[in-house]
Amino acid sequence: MCGIVGVLGRHEAAPILVEALKRLEYRGYDSAGIATIHNGTLDRRRAVGKLVNLSDLLVHEPLPGKAGIGHTRWATHGAPTVTNAHPHRSGTVCVVHNGIIENFRELRDELAAKGLHPETETDTETVALLARSYLDQGLSPRDVAQQTLARLEGAYALVFLFEGDDDLLIAARKGSPLAIGYGEGEAFVGSDAIALAPMTDRITYLDEGDMAVVTRNSVEIRDAAGQLANRPIRKISIDTGQIDKRGHRHFMAKEIAEQPTVLADTLAHYLTDGQIALPGEGLDFREVTRISMVACGTASYACHVAKYWFEQIAGLPVDVDVASEFRYREPPLVAGTLGLFVSQSGETADTLAALRYCAGKTDKIVSVVNVPESSIARESDLVLPIHAGIEIGVASTKAFTCQLMTLVLVALAAGHQRGHLSDDALAARIEDLRGLPGLVHHALGIEADCARIARALAEARDILFLGRGRMFPLALEGALKLKEISYIHAEAYASGELKHGPIALVDKTVPVIVMAPHDELFDKTVSNMQEVMARGGKVLLITDAKGAEVAGDGTWDRIVMPQVSPLFAPLLYAIPAQLLAYHTAIAKGTDVDQPRNLAKSVTVE
Ligand code: F6R
């Protein structure tokens with residue numbers, strides 16, 4: 001989603017801004033722009049499409065100046081055009097914005113009545129117009145920002161730049177993340193620590209409702225009530241090498257390949273002397289009567305897998321909701337409910353809103369996140385980091401498997417505490433999990449098969465995924481991954497559900513991908529597979545050696561996976577789901593790391 005950067009530097013700002021925007025590319029965007037102040041004069045350059053277009057423009061029309069702001073835009077209001085690209089300007093003020101100003105129409109009418117008319121279709125331009133209206137009244141930049149913010153409804157991370165003042169940025173946050181970076185006689189603002197990483201390792205995350213007045217040598221932060229606020233300066237250690245493809249063709253390929261290592265890291269973080277140790281005071285699952293899990297997209301499929309684990313291992317009932325539906329459903333939350341929120345970015349607006357709905361209604365709010373400084377983490381009672389490392393590819397891969405690893409460890413701890421798992425049974429399960437990173441490494445060996453099969457999948461218009469039990473959410477994840485990056489229509493069904501309608505879709509042009517390790521439900525899945533083949537369906541069976549033997553002939557193709565404890569199979573079967581999507585996208589020639597229309601961190605509802 002939109003990326004923001006601001007610089008009050010000692011050197012030319014434009015190259016620093018463009019480099020910082022490049023590090024924010026992973027969030028997804030469709031246009032970009034920067035504005036600087038030179039000799040007191042404000043000017044801007046904007047371009048549609050990739051950042052290279054903005055860089056090209058800057059070669060022909062350079063933008064001098066040591067102070068500036070920049071933005072990558074993921075269109076919400078108005079098409080991705082140069083006019084709609086940020087920074088937005090009105091008179092002597094320029095703004096960049098991430099979020100949605102919900103009352104912009106009302107404000108726009110009010111401003112039009114004063115003769116301040118919009119030139120763009122965006123909600124953000126209204127902020128610039130509003131700020132200008134206050135400037136016209138002779139207010140100082142600080143008062144202008146304060147008055148403007150007081151009128152805004154919705155979500156924002158905003159940075160203001162004022163003509164005539166090249167030592168001032170005003171930054172504000174409500175609903176969308178923003179961080180201030182400290183340099184030597186320099187200051188920076190950015191959507192996240194990745195944007196700021198090479199410039200500084202000292203940053204402050206703004207809190208909800210904060211406004212920061214930033215100069216090269218001072219940062220003054222006030223909270224939502226206008227009181228001076230003392231926010232901690234954190235020393236961040238971002239390995240900028242992680243923002244490098246390290247020889248891989250795409251970030252997604254790198255992140256798929258990293259899974260054996262990061263899964264071992266996740267495991268190591270949660271095991272102490274062979275026992276599962278949750279951070280802080282941990283959790284007492286004997287007091288929990290129900291878990292309410294909430295997430296979006298891939299993270300929600302991790303929750304669906306975890307539902308099987310919590311119910312089967314710990315005897316705990318679990319509800320799973322997609323975050324965008326949760327709070328509007330107004331679910332009653334009974335005593336003893338644990339709210340469990342899963343999010344890679346920790347900034348997903350829907351998930352954050354659901355978490356806030358639960359605050360005070362559930363006994364405890366626990367989050368499973370990849371970014372421990374994120375909003376979701378900061379608003380939780382207990383944070384369980386997944387330790388996946390920075391994930392850049394828009395299609396989530398290693399974060400999914402690390403979410404699964406974290407959740408299965410929590411489910412095992414719950415099962416043990418609640419007396420559903422003996423010491424020996426727990427030790428045996430932990431031993432199985434220790435073998436998982438090695439199995440994932442082994443499973444990556446199926447890549448050549450996936451690439452071969454993907455060439456045929458790339459010809460399909462529709463693809464079905466089937467799975468039963470713990471593999472059903474994996475089928476959902478396989479279909480989502482494929483849709484996201486190859487743009488092929490894919491659907492997933494619980495294997496047993498196919499005959500209740502979707503089987504009408506089956507013909508020889510629709511590949512049906514069946515994800516089925518040889519487990520207690522395998523024979524039933526084989527029957528469903530036979531029903532597909534009897535109707536001319538083209539089945540790709542993903543199973544293990546035993547499954548391949550039992551299933552017999554007649555499938556279109558097979559991928560044979562290493563043998564794994566059926567309980568933990570979802571962690572392993574994520575690999576073919578990812579590799580098939582990746583290679584299908586390669587075969588189709590799509591933009592794997594930044595697929596069309598998608599954003600990495602979805603900070604609007
Ligand atoms: C799919 C994908 C998305 C995210 C979803 C939630 O590959 O990445 O479906 O899983 O937008 O994002 P987070 O986990 O950051 O809350």
Side-chain angles (χ1 to χ4, degrees), residues 1 3 26-28 74 98 175-177 191-192 194 250-253 255-256 259 293-306 320-326 340-356 367-380 383-404 406-407 465 473-487 490 492 574-575 577-582 584-585 590-605:
M1 204 130 271
Y26 77 96
R27 298 163 74 94
W74 187 82
N98 173 14
S176 300
S191 290
D192 62 27
I194 302 176
H250 297 100
F251 280 109
M252 185 179 177
E255 287 157 6
I256 291 172
Q259 288 175 107
M293 300 188 78
V294 186
C296 299
T298 288
S300 79
Y301 298 146
C303 295
H304 279 284
V305 176
V320 180
D321 278 271
V322 286
S324 53
E325 288 296 318
F326 182 72
L340 186 44
F341 299 84
V342 181
S343 172
Q344 187 285 126
S345 61
E347 299 294 350
T348 300
D350 288 321
T351 311
L352 186 58
L355 181 151
R356 288 178 179 158
S367 62
V368 171
V369 295
N370 197 27
V371 183
E373 306 83 15
S374 59
S375 307
I376 288 176
R378 285 190 288 147
E379 296 190 27
S380 301
V383 183
L384 303 172
I386 62 168
H387 302 287
I390 296 168
E391 189 177 70
I392 302 276
V394 162
S396 189
T397 52
K398 63 175 181 170
F400 176 65
T401 46
C402 289
Q403 284 161 355
L404 291 180
T406 307
L407 290 166
F465 283 75
L474 258 290
L476 291 163
E477 171 62 1
L480 176 64
K481 226 60 331 157
L482 193 81
K483 276 184 271 214
E484 280 186 295
I485 59 170
S486 75
Y487 315 146
I575 302 298
Q578 297 165 355
L579 287 174
L580 283 171
Y582 176 71
T584 308
T590 55
D591 188 343
V592 171
D593 282 334
Q594 287 157 36
R596 70 183 181 202
N597 306 340
L598 298 186
K600 180 72 184 159
S601 168
V602 184
T603 49
V604 294
E605 261 199 72

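Counting convention: from 1, in listed order, for ligands and their atoms alike. One is the number of the first residue; the rest follow in order along the sequence.
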Visitor: If you count the atoms of ligand 1 from 1 in the order shown, which ones are under 4.0 Å from a heavy atom of Ala299?
Guide: 10 (O), 14 (O)
Visitor: Distance to 0.1 Å, residue and atom name: give those for the protein heavy atom nearest to atom 4 (C) of ligand 1.
Guide: Thr298 N, 4.1 Å
Visitor: Are Asp192 and Val371 side-chain neighbours, meaning at least one heavy-atom pair lies under 4.5 Å?
Guide: no
Visitor: What are the atoms of ligand 1, with element, lying closer than 4.0 Å to any heavy atom of Ser396?
Guide: 7 (O), 8 (O)
Visitor: As a quick check of understanding, evaluate side-chain contact (heavy atoms from CB on, under 4.5 Å) for Cys402 and Asn370, giving each step before the final call.
Guide: CA-CA 9 Å; Cys402 289; Asn370 197 27; over 6 Å; no
Visitor: Which residue in the set Glu255, Glu477, Gln259 passes side-chain hydrogen bond (donor to acceptor under 3.5 Å, both in side chains) when paired with Gln578?
Guide: Gln259
Visitor: Using distance alone, determine whether Glu484 and ligand 1 share an N or O pair under 3.5 Å.
Guide: yes
Visitor: Does any N or O atom in Thr351 lie less than 3.5 angstrom from one in ligand 1, N or O only?
Guide: no
Visitor: In terms of atom number and element, which parts of ligand 1 are under 4.0 angstrom from non-hydrogen atoms of Val394?
Guide: 7 (O), 8 (O)
Visitor: Which residues satisfy the salt bridge (charged side-chain N to carboxylate O under 4.0 Å, His left out) test with Glu373, sequence neighbours excluded?
Guide: none
Visitor: Would you say the side chain of Asp593 lies within less than 4.5 Å of the side chain of Ile392, judging by non-hydrogen atoms?
Guide: no
Visitor: Would you say the side chain of Ile386 lies within less than 4.5 Å of the side chain of Val368, judging by non-hydrogen atoms?
Guide: yes
Visitor: In ligand 1, which numbered atoms sit nearer than 4.0 Å to a non-hydrogen atom of Lys481?
Guide: 1 (C), 7 (O)
Visitor: Considering both backbone and side-chain atoms of Val342, is one of its nitrogen or oxygen atoms within less than 3.5 Å of a nitrogen or oxygen in ligand 1?
Guide: no
Visitor: For atom 12 (O) of ligand 1, what's the nearest protein heavy atom and its distance?
Guide: Thr348 OG1, 3.5 Å
Visitor: Decide yes or no for Ile194 and Arg27: does some side-chain heavy atom of the first lie under 4.5 Å from some side-chain heavy atom of the second?
Guide: no
Visitor: Looking only at protein heavy atoms, identify the closest one to atom 14 (O) of ligand 1 and say how far it is in Å.
Guide: Gln344 N, 2.6 Å
Visitor: Give the atoms of ligand 1, by number and element, whose distance to some non-hydrogen atom of Ala395 is under 4.0 Å.
Guide: 7 (O)
Visitor: So, is Lys600 polar-close to ligand 1, with some N/O to N/O distance under 3.5 Å?
Guide: no
Visitor: Any side-chain heavy-atom pair from Ser300 and Met293 closer than 4.5 angstrom?
Guide: no
Visitor: Would you call Thr397 and Tyr582 a side-chain contact if the rule is heavy atoms closer than 4.5 Å?
Guide: no
Visitor: Are Thr406 and His387 side-chain neighbours, meaning at least one heavy-atom pair lies under 4.5 Å?
Guide: no
Visitor: So which heavy atom in the protein is nearest atom 5 (C) of ligand 1, and how far is it from that ligand atom?
Guide: Cys296 O, 3.6 Å
Visitor: How far is atom 11 (O) of ligand 1 from the closest protein heavy atom, and which atom is that?
Guide: Val602 CG2, 4.2 Å
Visitor: Please state which protein non-hydrogen atom is closest to atom 15 (O) of ligand 1 and give its distance, to 0.1 Å?
Guide: Ser345 OG, 2.7 Å
